[in-house]
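A short write-up of the structure that comes next.
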Amino acid sequence: MKPGRTQQNCGGTPQTRPAAGRGSHLAEGWRDREEFKARVLEWARTLDVAAKSIYVRPMRRKWASCSTAGTLSFNDELLDLARDLGDYVIVHELLHFSVPNHGKLWKSLMRVHLGEYELLENRLHTHH
Ligand SMILES: [Zn+2]
């Protein structure tokens, strides 16, 4: 009887992210956290928000958080989701700098910038 181990891995190509700059996955996911942060800054300019520090890090139970001091934190799991969901979370948080709740004003601003934002919200919630 051979002590032979069963080979668990097929030894094929490891599953890695698509090479940067291929351009074939524009609809899905972010290239890296730098690209995500650049997007946050872009939105911050658009929305006229002073985002001082931006972090992309592991978070529990939250996609993002913000502090009035201008610090924004985003869950790094967002990097694996479609980019329009990232946009949703970014705009959601940035609007909280001027609108601290989810009232009428916040909703109308969300609609101005993202259109049918409720659809994005629903998609996001099905991820967790
Ligand atoms: Zn909120």
Side-chain angles (χ1 to χ4, degrees):
M1 225 195 277
K2 285 182 184 175
R5 298 177 184 165
T6 34
Q7 189 93 0
Q8 292 287 348
N9 295 321
C10 64
T13 314
Q15 192 179 26
T16 53
R17 289 161 180 272
R22 289 281 298 282
S24 51
H25 290 78
L26 282 180
E28 291 288 323
W30 300 81
R31 202 165 60 223
D32 52 33
R33 63 192 61 213
E34 295 314 312
E35 188 187 40
F36 188 88
K37 285 183 185 180
R39 185 71 166 170
V40 177
L41 290 173
E42 207 176 302
W43 274 114
R45 264 201 310 275
T46 304
L47 302 171
D48 201 21
V49 169
K52 292 206 181 77
S53 331
I54 299 160
Y55 300 98
V56 180
R57 59 186 178 85
M59 291 176 86
R60 295 181 124 228
R61 300 185 308 145
K62 266 187 161 185
W63 288 114
S65 68
C66 63
S67 83
T68 44
T71 301
L72 282 153
S73 301
F74 293 93
N75 192 325
D76 62 1
E77 287 177 44
L78 281 170
L79 298 175
D80 296 323
L81 304 183
R83 297 161 65 103
D84 54 356
L85 295 179
D87 278 343
Y88 167 85
V89 176
I90 293 167
V91 175
H92 181 139
E93 290 307 315
L94 288 174
L95 287 180
H96 278 329
F97 281 87
S98 37
V99 187
N101 52 46
H102 302 126
K104 263 189 184 165
L105 178 59
W106 182 87
K107 285 179 179 163
S108 63
L109 287 170
M110 285 295 277
R111 189 169 308 286
V112 165
H113 294 290
L114 297 172
E116 295 287 316
Y117 73 92
E118 295 97 333
L119 298 177
L120 298 171
E121 198 169 72
N122 289 339
R123 271 168 63 204
L124 196 57
H125 286 158
T126 57
H127 279 284
H128 267 260

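Counting starts at 1 for both ligands and their atoms, in listed order. Because only heavy atoms are used, hydrogens play no part in the values below, and waters and symmetry mates are left out as well, while side chains stay in.
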(request) Test Asp87 against Trp43 for side chain to side chain donor-acceptor pair (under 3.5 Å), laying out the working first. (result) CA-CA 8 Å; Asp87 278 343; Trp43 274 114; 3.0 Å; yes
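- Below 30°, between 30° and 60°, or above 60°: for Trp106 and His96 the angle between ring planes is below 30°, a parallel geometry.
- Atom CZ of Arg123 sits about 12.0 Å away from atom OH of Tyr88, to the nearest 0.5 Å.
- Expressed to the nearest 0.5 Å, how far CG of Leu72 lies from CG of Leu94 amounts to 5.5 Å.
- Counting only protein N, O or S atoms, the number found under 2.8 Å from the Zn ion (ligand 1) is 3.
- In this structure the side chain of Met110 never reaches within 4.5 angstrom of the side chain of Lys107, judged on heavy atoms.
- With salt bridges taken as basic N to acidic carboxylate O contacts below 4.0 Å, one links Arg83 and Glu35.
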